[in-house]
S.K.: 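Sharing a structure, written as C-alpha cells. Questions coming.
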Amino acid sequence: MEAESLTSIAVDGARIVYRRIGKGRPLVVLNGFGATNADWDPCFIDRLASSNELILLNNRGIGGSTDDGQPFDIAKLAGDAAHVIDGLGIQRANVLGWSMGGFVAQTLALKYPGRVNKLVLLSTDSGGIEADRAAPEVWSKLVDTSGTPNEQARRLLFLLFPTDVAESFFSRFGDIVAAARDQLTTELLNRQTAAMNAWHDNGTASRLRGIRVPVLVATGMEDTVIPASNALKLVNAIRGAWLAQFPHSGHAFIAQHPTNARRRNQQFSRR
C-alpha cells in the first residue's frame with residue numbers, strides 16, 4: 001500500500017492513518033499486535049473489498065499513525081476507531097478485528113454501540129481471567145523484539161501458522177515480514193504489549209452479553225497464540241453469535257484460507 005493512498009484523521013492526541021478501498025457497506029478493519037493495514041494477506045483483503053468498502057486503520061503510533069507517546073489501553077484504541085467512524089460521517093459500520101484488533105472491536109461494540117452494525121471477531125479472546133491464555137513460551141516469543149528483522153520474521157511466522165506450513169509462508173513472505181518488522185520500534189511494541197497484558201487482566205468477558213449486534217467468531221483450530229477454545233467461550237457468551245472453525249489452521253488462518261474466510265464473512269453479512 002503506497003503512502004499516497006493513505007489518509008489520516010485527527011483524534012485525541014494522535015493522527016490515525018487509514019486506507020479506504022472497495023465498494024459496498026463500510027467495514028472497519030482492525031489489525032493485530034505490531035501490524036499495520038499493509039500487513040493483511042492481500043488475497044483476503046481483495047476478496048473482502050469486492051463486496052465492502054474497507055476502512056483499514058493503523059493503530060496510534062504505528063504505520064504512520066502518530067500519538068503523544070503516552071501509555072494507552074485497548075479502550076483508547078477503540079475510542080480512536082470510533083472517532084474515525086464519526087469523522088468519516090459513517091452512521092453504523094460493520095467492524096472486523098483480528099487478534100488484538102478483536103480486543104479493540106469488542107470494546108468498540110460495548111462502549112460505542114451506536115457506531116457498530118455487525119461484528120466479526122477473528123482469532124481473539126475476551127480477556128480477563130475467563131480467557132484461555134497462550135503458553136508462556138508462546139507469548140514470550142510473540143512479544144520478543146530481539147534478533148535481526150529476518151529472525152523476528154521467522155519467529156513470528158512459526159507462531160502464526162502450524163509448523164508444517166510455516167516454512168512455506170516464510171519462504172514466500174519472510175523478506176516482506178522482515179521489512180515490516182524493521183519499521184517497528186521497540187517502544188511502540190512495548191506499549192502495545194502493556195495494553196494486551198492489561199486486557200488479559202480485565203477484558204470484556206463479564207460484559208459480552210451487552211453486545212446486541214450480530215457477531216461472527218472465527219478461529220484456526222491449531223491456534224497457539226490465542227487458543228481456539230476462546231472462540232467457543234465468545235460464542236457462548238454473546239447472544240446469537242455464529243462460530244466458524246478452520247481445521248489445521250493457526251492464528252493467521254485467514255492467510256491460509258482467504259477464500260473460505262471471506263465466504264464465511266459474506267454469508268454472515270447477508271443475514
S.K.: With side chain to side chain contact (heavy atoms under 4.5 Å, CB included) as the test, would you mind laying out the steps for Tyr112 and Ile85 before giving the verdict?
M.R.: CA-CA 11 Å; Tyr112 308 93; Ile85 293 170; over 6 Å; no
S.K.: Determine the sole option in Leu208, Asn230, Leu121 for which the side chain to side chain contact (heavy atoms under 4.5 Å, CB included) test with Ser126 is passed.
M.R.: Leu208
S.K.: For the atom pair CG (Leu122) and OG1 (Thr219), what is the distance rounded to the nearest 0.5 Å?
M.R.: 9.0 Å
S.K.: For Ile129, is the CD1 atom crowded, meaning more than 12 foreign heavy atoms sit under 6.0 Å from it?
M.R.: no
S.K.: Answer whether the closest heavy-atom distance between the side chains of Leu27 and Lys118 falls below 4.5 Å.
M.R.: no
S.K.: Taking the basic N atoms (NZ, or NE/NH1/NH2) and the acidic carboxylate oxygens, is any pair closer than 4.0 Å for Arg172 and Glu167?
M.R.: no
S.K.: Hey, are Asp86 and Arg115 close enough for a salt bridge, meaning a charged N less than 4.0 Å from a carboxylate O?
M.R.: yes
S.K.: Between Phe44 and His257, does a side chain to side chain contact (heavy atoms under 4.5 Å, CB included) hold up when you go through it step by step?
M.R.: CA-CA 8 Å; Phe44 177 65; His257 307 289; over 6 Å; no
S.K.: If I take atom CZ from residue Phe253 and atom CG from residue Asp223, how far apart are they, to the nearest 0.5 angstrom?
M.R.: 9.0 Å
S.K.: State, to 0.1 Å, how close Ala244 and Leu216 come at their nearest heavy-atom pair, and which atoms those are.
M.R.: CB-CD1, 4.3 Å
S.K.: For the CG atom of Leu188 and the CD1 atom of Ile62, what is their distance to the nearest 0.5 Å?
M.R.: 5.0 Å
S.K.: Can you tell whether the side chains of Glu53 and Arg20 come within less than 4.0 Å, N to carboxylate O?
M.R.: yes
S.K.: Looking at every non-hydrogen atom in both residues, tell me the closest pair between Thr36 and Gly63 and how far apart they are.
M.R.: CG2-CA, 3.7 Å
S.K.: Would you say Ser140's side chain and Glu137's backbone share a donor-acceptor pair under 3.5 angstrom?
M.R.: yes
S.K.: Report yes or no: does Asp125 contribute a side-chain atom to a donor-acceptor pair with the main-chain N or O of Gly127 at less than 3.5 Å?
M.R.: yes
S.K.: With sequence neighbours left out, what residues match Glu222 under salt bridge (charged side-chain N to carboxylate O under 4.0 Å, His left out)?
M.R.: none
S.K.: I'd like to know if the side chain of Gln183 reaches the main chain of Ala180, judged simply by a donor and an acceptor atom lying under 3.5 Å from each other, with no hydrogens or angles considered.
M.R.: no
S.K.: Measure from the side-chain N and O atoms of Asp182 to the backbone N and O of Ala178, and report whether any donor-acceptor pair falls under 3.5 Å.
M.R.: no
S.K.: Rounded at 0.5 Å granularity, tell me how far CG in Leu119 sits from CG in Leu108.
M.R.: 8.0 Å
S.K.: Going from CG on Asn58 to CG on Leu6, what distance comes out if it is rounded to the nearest 0.5 angstrom?
M.R.: 7.0 Å
S.K.: Does the side chain of Asn52 reach to within under 4.5 Å of the side chain of Asn265, using non-hydrogen atoms?
M.R.: yes
S.K.: Please assess Leu30 against Leu96 for the test side chain to side chain contact (heavy atoms under 4.5 Å, CB included), listing each intermediate value before the final yes or no.
M.R.: CA-CA 6 Å; Leu30 306 169; Leu96 179 152; over 6 Å; no
S.K.: Checking Asp67 side chain against Ala14 main chain: does a donor-acceptor pair fall under 3.5 Å?
M.R.: no
S.K.: Test your reading of the model: is there a side-chain donor-acceptor pair from Arg209 to the backbone of Ala205, 3.5 Å cut-off?
M.R.: no
S.K.: If every non-hydrogen atom of Ser99 is compared with every non-hydrogen atom of Thr124, which pair is closest and at what distance?
M.R.: O-OG1, 2.9 Å
S.K.: Can you tell me if CG on Asp175 sees more than 12 non-hydrogen neighbours from other groups inside 6.0 Å?
M.R.: no
S.K.: Counting only heavy atoms from other residues, nucleotides and ligands, does the tally under 6.0 Å from CZ of Arg212 exceed 12?
M.R.: yes
S.K.: Output side-chain donor-acceptor pairs under 3.5 Å for residues 69-76, partner residues at least two apart or in another chain, one line each.
M.R.:
residue, atom, partner, partner atom, Å
Asp73, OD1, Ala75, N, 3.3
Asp73, OD1, Lys76, N, 2.8
Lys76, NZ, Asp12, OD2, 2.5

S.K.: For a 4.5 angstrom cut-off between non-hydrogen side-chain atoms, does Ile16 reach Arg60?
M.R.: yes
S.K.: With a 4.5 Å heavy-atom cut-off, do Asn197 and Trp139 have their side chains touching?
M.R.: yes
S.K.: For Gly34 versus Leu189, what's the shortest heavy-atom pair and its separation?
M.R.: CA-CD2, 3.6 Å
S.K.: Under a 4.5 Å cut-off applied to non-hydrogen side-chain atoms, are Asn37 and Asn31 in contact?
M.R.: no
S.K.: Assigning hydrophobic clusters by single linkage (Ile, Leu, Val, Met, Phe, Trp, Tyr; side-chain heavy-atom cutoff under 4.5 Å), is Ile254 placed with Phe268?
M.R.: yes
S.K.: Under 3.5 Å, is there a donor-acceptor pair between the side chain of Arg155 and the main chain of Ser146?
M.R.: yes
S.K.: Is it the case that the side chain of Gln106 and the backbone of Gly97 share a donor-acceptor pair, with hydrogens and angles ignored and the cut-off at 3.5 Å?
M.R.: no
S.K.: Answer yes or no: is there a donor N or O on one side and an acceptor on the other, between the side chain of Thr204 and the main chain of Arg207, under 3.5 Å?
M.R.: no
S.K.: Which residues pass the ring-ring contact (aromatic ring centres under 6.0 Å, His included) test with Phe161, sequence neighbours left out?
M.R.: Phe169
S.K.: Is any side-chain heavy atom of Thr107 closer than 4.5 Å to a side-chain heavy atom of Leu110?
M.R.: no
S.K.: Which atoms form the tightest heavy-atom contact between Val84 and Tyr18, and what is the distance?
M.R.: CG1-CD2, 4.5 Å
S.K.: Do you know which two heavy atoms are closest between Arg47 and Pro258, and how far apart they sit?
M.R.: CD-O, 3.9 Å
S.K.: Could you check if a side-chain atom of Pro214 sits within less than 4.5 angstrom of a side-chain atom of Arg239, using non-hydrogen atoms only?
M.R.: no
S.K.: Looking at Glu187 and Arg191, does any basic side-chain N land under 4.0 Å from a carboxylate oxygen?
M.R.: yes
S.K.: Hey, is NZ on Lys233 packed in by over 12 heavy atoms from elsewhere, all under 6.0 Å?
M.R.: yes
S.K.: For Gln91, does the CD atom sit with more than 12 other heavy atoms under 6.0 Å from it, leaving out its own atoms?
M.R.: no
S.K.: So, do Leu156 and Lys141 sit near enough that their side-chain heavy atoms are less than 4.5 Å apart?
M.R.: no
S.K.: Should the pair Trp98 and His251 be assigned to parallel (<30°), tilted (30 to 60°) or perpendicular (>60°) ring geometry?
M.R.: tilted
S.K.: Counting N and O atoms only, with roles assigned by atom type, does the side chain of Gln152 sit under 3.5 Å from a partner on the main chain of Gly147, one being a donor and the other an acceptor?
M.R.: yes
S.K.: Hey, what do you get for CD1 (Ile21) to CD1 (Ile55), rounding to the nearest 0.5 Å?
M.R.: 10.0 Å
S.K.: Is the cationic atom of Arg264 (NZ for Lys, CZ for Arg) positioned less than 6.0 Å from the six-membered ring centroid of Phe246 and within 45 degrees of its normal?
M.R.: yes
S.K.: For side chain to side chain contact (heavy atoms under 4.5 Å, CB included), just list the numbers for Thr7 and Val17, CA-CA rounded to whole Å, side-chain angles, deciding distance to a tenth of an Å, and then say yes or no.
M.R.: CA-CA 6 Å; Thr7 311; Val17 163; over 6 Å; no
S.K.: If two hydrophobic side chains count as joined below 4.5 Å and joins carry through other members, does Val138 share a cluster with Met221?
M.R.: no
